[in-house]
Amino acid sequence: MDKTTILTYSLTMKNKFYVTTPIYYVNDKPHIGSTYTTVVADALARAHRLRGVPTMFLTGTDENSQKNVEAAEKAGEKDLQKYLDSMAQIWSQTWKELGISFDDFIRTTEERHHKAVERFWKAVEKSGDIYKKEYERSYCVGCEEFKTPFEVKDGRCPLHPNKELQIVQEENYFFRASAYKDELLKLYHEHPEFIQPVSRLNETRNYVKDAFEDFSISREAKKLSCGIPVPGDDSQRIYVWFDALINYMSAVGYGTDDKMFAKWWPATLHLVGKDIIKFHCALWPAMIMSAAKSDELLRNEDESPKLPEHVFAHGFFTINGQKISKSLGNAIDPLDLVKEYPIDAIRYFLLREITFGEDGDFSLARLAERYNADLGNTFGNLVNRAISMSRKYFDNKVPSLASGIESTFDIQRSGHSAQQTFDGPISWGGKDAVDTLWQSVDQYIESNRLDLALETIWGGEGCSLIVANRLVEETKPFKLIKENPEQAAIVLYTLLEACRHFAWMIEPIMPNIAEEIIRQLGQDPIAERKQGIKYLQSWGGLKPGSELPEPKILFPRNA
RNA sequence: CGCGGGGUAGAGCAGUUGGCAGCUCGCCAGGCCCAUAACCUGGAGGCCGUGGGUUCAAGUCCCACCCCCGCAACCA
């Protein structure tokens, strides 16, 4: 058994997959950045569901932030809750329109979340890691914001150096994060896979080593118009980050449904943007380490804390080379894109264009380029020409194979009679190459590298869209049909069956297109899916003699 | 010395553990005619930011330097 086989095995044998996106602030509607995170999570969730792994995919909104209050005021909405409700609606609705298959949508103003936060706070408190401290904070009138000591340069705000900083005395609760420094470093050392990519692991390690300090985790209630009250102290409210992270637990029943919590926690994967890794990779595990000391629900059999398995930090998009910025007004609303391109094309573009973990650029020119080249020319055209020829030469049916499915294995065998019919070498690697491609795809999904999975499906050796197109040129079924109809049938069946495999391979990324292809191949996508992943990955699932409906163009040009 | 990312063909990017420099688009020349003016083949085009070092061998490791960008301020 080689390495890839083992990895494939582990993917299909995983007993659960719990993936999360960050919860988004509702001070604005979704843009291309939050869409990217969510689409990645969705594709991974779909990939696991397709493979029969019980899957929980969570997204939601962060509603306890002062930013939301300001946004509500700006929007002229006096009733904060009403504003939050309408914005949460916009977010979940946008995801639905983009075909995001989230299993749950959490809002941090919900009762279940408050219960979870309360339980969590009390556990941390019981562990002795919450204390009260009076301290000074600097307030910049220009920014209308408090500044951390790190942000203050020479006693002044670097952005408004001509204004005096106001020093405000305040007594808040603190979380003894510093006590978990060593345990965190040990975690990074023993489980480097906790943070991906590696560059982020290094960044986090340096941060924890040098700058990880106790966190202020509450604010005076009278200065805030939102937030969850500190249990047992109504004069203070919980700082937004401390409550926000706990959403990953409250959605799966922490504090409300122990059985459900035991089933789903710990999370398999937190997907985050690179800007919030410190919260997810340092503060969050430290919080859990603390709470776990006093809450057995958060402990494994061996008494170790139940920490999330992986945090993956992806990069950011620029728009035409510029950063996304509200002041520049270049934010892209995904719903506008959907008017010009099929949803699946947008999803493909987002996942294919960015090297996962790196920054990337979003431009309409580039989207058009990939739409026409990758989707229309390479993929859509392959499906279309394969089906068209089969219909034309075989009475609108999938060709029947006189010598059985096994005869399709012969195409790539040199020296076989089949080879003599063709002029040059055959690139098509046959059934074995299809198996190998599936293994690569599984492996890339396992490591969250959907970009590489797509790259391989399009251009890999032995079996890929490119190779399938090449097979048409090398065997010329449109000529072969006159000289050797039986061989033509073998080639065309092979092409159609390959398309069926490609469809299932890209299903997590382009679910609508995948189903459409299966239907165009005269098969029933629902019924096929029910057969399970083993069936989908096996050669020969396409039934010879099936009726082939007239194909519709999958990716029309000039969309 | 605030933190972090990057400089590879005209453009946009890949390059895992160091082993003849790749991909997509564009361009040039052929082929094919099943197909969405789509498909296939071949070609031109790179001192892999600069200067040192380690090595039989460096885009890949080490040191120094130059330039661009992100965060620190709405914003994943």
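A, B, ... follow the sequence lines: proteins, then strands. Residue 1 opens every chain.
Looking at Lys29(A) and Asp333(A), a side-chain N of the basic residue comes within less than 4.0 Å of a carboxylate O on the acidic one, giving a salt bridge. The pair Asp42(A)-Arg347(A) counts as a salt bridge, with a side-chain nitrogen and a carboxylate oxygen less than 4.0 angstrom apart. With respect to Arg519(A) and Glu515(A), a salt bridge is recorded, a charged nitrogen being found less than 4.0 Å from a carboxylate O.
Atom pair Glu353(A):CD and A14(B):P shows a separation of 9 Å (rounding to whole Å applied). In this structure, CH2 of Trp458(A) is placed 17 Å from C1' of A14(B), rounded to the nearest angstrom. The interatomic distance linking Glu358(A) (CD) with C68(B) (P) rounds to 21 Å, in whole Å. Separating the CZ atom of Phe317(A) from the C1' atom of C13(B) is a distance of 13 Å, rounded to the nearest angstrom. Here A38(B) presents its P atom at 15 Å from CG of Leu375(A), a figure rounded to the nearest Å. For the pair Phe316(A) CZ and G4(B) P, the interatomic distance rounds to 16 Å; values are reported in whole Å. Nucleotide A76(B) holds its P atom 7 Å from the CH2 atom of Trp91(A), rounded to whole Å. Between Asn381(A) atom CG and C40(B) atom C1' the separation is 12 Å, expressed in whole Å.
Side-chain N/O atoms of Lys278(A) include none lying less than 4.0 angstrom from OP1 or OP2 on C71(B). Contact annotation: Arg557(A) side-chain N/O to A38(B) OP1/OP2 distance is under 4.0 Å.
Inter-residue side-chain proximity for Pro308(A) and Tyr248(A) is flagged as unmet; no heavy-atom pair is nearer than 4.5 Å. Two residues are said to be in side-chain contact when any heavy atoms from C-beta on lie closer than 4.5 Å; Leu58(A) and Asn247(A) meet this criterion.
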**OP:** Test Asn68(A) against Asn27(A) for side chain to side chain donor-acceptor pair (under 3.5 Å), laying out the working first.
**Re:** CA-CA 5 Å; Asn68(A) 298 329; Asn27(A) 57 350; 5.2 Å; no
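For the C1' atom pair drawn from G2(B) and A73(B), the interatomic distance equals 16 Å after rounding to whole Å.
With pairs defined as Watson-Crick or G-U wobble and both atom distances under 3.5 Å, the stems of at least three pairs that touch RNA chain B come out as B:2-7 with B:66-71, B:10-13 with B:22-25, B:27-31 with B:39-43, B:49-53 with B:61-65.
Under the 30°/60° scheme for interplanar angles, the aromatic rings of Tyr24(A) and Trp91(A) are found to lie parallel. Taking the six-membered ring where tryptophan is involved, the planes of Phe555(A) and Tyr371(A) are perpendicular, since the angle between them exceeds 60° and thus also 30°. Tyr188(A) and Phe194(A) have parallel rings, their planes meeting at less than 30° on a 0 to 90° scale where 60° marks the start of perpendicular.
RNA chain B is contacted by Ser388(A), Met389(A), Lys392(A), Tyr393(A) of residues 386-400 of chain A, taking any non-hydrogen atom closer than 4.0 Å.
At a cut-off of 3.5 angstrom, counting only N and O atoms as typed in the model, there is no donor on one side facing an acceptor on the other between the side-chain of Asn384(A) and the base of A35(B).
The OG1 atom of Thr35(A) lies 9.5 Å from the CD1 atom of Ile346(A); values are rounded to the nearest 0.5 Å.
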Original post:
Using a cut-off of 4.0 Å between protein heavy atoms and nucleotide atoms, how would you tag nucleotides 22-27 of chain B 5' to 3' with B, S and -?
Top reply: ---S--
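Using modelled atom types, one side-chain atom of Ser363(A) and one backbone atom of Arg366(A) make a donor-acceptor pair closer than 3.5 Å.
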